[in-house]
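Taking it in order: structure first as structure tokens, then the write-up.
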Amino acid sequence: MQPPTRSKKNSWLADQPLQRKMMLVIGLLLGLLLLTSVVTLHSLRQQESNRHLATHTYQVLLELDHVQRALQTSQIGARGYMLTQRIDQRAMFDSGTRDLHERIAHLRQMTANNQLQQLRIDSLEKMAAQWQREMMAHAINPIAERKVTDALALALELQRIQSNYLEHRTVRSEDLYAVIEQMVVEENHLLTVRNLQLNGALVTTRWINIIAILLGTLLGITVIRLTSQLVTRPLRRLTDLMTRLANHDHD
């Protein structure tokens, strides 16, 4: 007589009702989908933020170029007026000066969240105003108010005015260009950092998608196996038992 065989102990999952098993499988798939979606959405928002900051930095660099061009226009107009005393050169100086102050004000608004650049703009604005005052007081106005008409006397007078301007000036155009260049260097550094952050976010998103695909595939295979073990096989065994009962096999 053979000893009675011990029945194999079922796992917790195997003892669960079929409906609960199906809900567990669906919950795992939905959980993976939700987790992947949340992480991907966060990464996309990070990309959008970095892209916006990079675009803003490009705009600041473009505005700095406009500031530099306005300064050049004003400077060329001033030199041209000192050499030729032509009205159009004086108008170029005035136009360039107005444009310079407008560009600086716009630049201040664009860099409101950068304290270092704000300090540089303060310095640039003060020096630009001082440069304009000195140019007007010691060069532009004296030339416009000159009394002599003789060619030799006029040349001597213009030379005296230019020497007086050089003697009294405290701000050179080179000083303004130096501040602008400092701001350009800072913005280029910020642009490099933000582009690196954007590339990092893109790489992160790519890896998230790869991991999600691998986990989804693995979970899908696991679900298929569990479905076979915990759902299909018990149903097949139940069908066999019902067949045996139908054949009056009551063992």
Side-chain angles (χ1 to χ4, degrees), residues 1-63 109-117 184-251:
M1 182 176 181
Q2 295 182 353
T5 58
R6 294 183 178 179
S7 61
K8 186 178 179 180
K9 187 176 181 180
N10 294 330
S11 64
W12 171 85
L13 187 59
D15 293 333
Q16 298 302 311
L18 177 61
Q19 184 180 6
R20 186 171 298 175
K21 294 176 185 177
M22 297 302 297
M23 293 298 295
L24 179 61
V25 170
I26 295 173
L28 287 174
L29 291 174
L30 290 178
L32 177 62
L33 177 62
L34 179 61
L35 178 62
T36 305
S37 300
V38 170
V39 177
T40 303
L41 181 60
H42 174 72
S43 180
L44 290 175
R45 285 180 177 174
Q46 205 170 25
Q47 290 179 41
E48 184 64 26
S49 175
N50 292 331
R51 189 177 291 108
H52 173 74
L53 291 174
T55 302
H56 177 73
T57 305
Y58 279 118
Q59 293 173 345
V60 173
L61 287 171
L62 182 61
E63 191 64 25
Q109 295 176 355
M110 296 179 68
T111 59
N113 60 342
N114 190 322
Q115 186 62 32
L116 179 59
Q117 295 291 59
V184 170
V185 170
E186 174 68 17
E187 292 299 324
N188 281 325
H189 172 69
L190 291 175
L191 183 61
T192 300
V193 172
R194 287 163 181 172
N195 283 333
L196 289 175
Q197 292 175 345
L198 178 59
N199 292 334
L202 291 172
V203 172
T204 301
T205 303
R206 188 179 300 116
W207 277 109
I208 289 173
N209 291 331
I210 293 174
I211 293 174
I213 292 173
L214 293 176
L215 288 177
T217 303
L218 181 61
L219 183 58
I221 295 174
T222 304
V223 167
I224 293 173
R225 293 187 59 186
L226 288 176
T227 302
S228 176
Q229 294 176 1
L230 303 178
V231 178
T232 306
R233 289 182 184 178
L235 287 176
R236 188 179 296 116
R237 286 197 298 268
L238 181 60
T239 302
D240 292 340
L241 289 175
M242 296 300 293
T243 302
R244 290 173 61 188
L245 286 174
N247 294 329
H248 305 289
D249 183 359
H250 301 289
D251 292 337

Per side-chain contact (heavy atoms from CB on, under 4.5 Å), H189 is matched among T192, L191, V193 by V193

When rounded to the nearest 0.5 angstrom, what distance separates [atom1] in [X] from [atom2] in [Y]?
X    : Y    : atom1 : atom2 : value
H42  : T205 : NE2   : OG1   : 9.5 Å
L44  : L202 : CG    : CG    : 9.5 Å
L214 : L218 : CG    : CG    : 8.5 Å
T204 : Q46  : OG1   : CD    : 7.0 Å
N199 : R194 : CG    : CZ    : 14.5 Å

Please give me the minimum heavy-atom distance between T57 and E187, naming the atom from each residue. CG2-O, 3.1 Å

Heavy-atom closest pair (N195 atom, A54 atom, distance to 0.1 Å) is OD1-CB, 4.0 Å

Walk me through it: do N114 and E186 pass the test side-chain contact (heavy atoms from CB on, under 4.5 Å)? CA-CA 10 Å; N114 190 322; E186 174 68 17; 4.2 Å; yes

Polar side-chain atom of S49 near backbone of R45 as donor-acceptor pair, under 3.5 Å: no

Residues T239, M242; criterion side-chain contact (heavy atoms from CB on, under 4.5 Å); working and verdict: CA-CA 5 Å; T239 302; M242 296 300 293; 5.7 Å; no

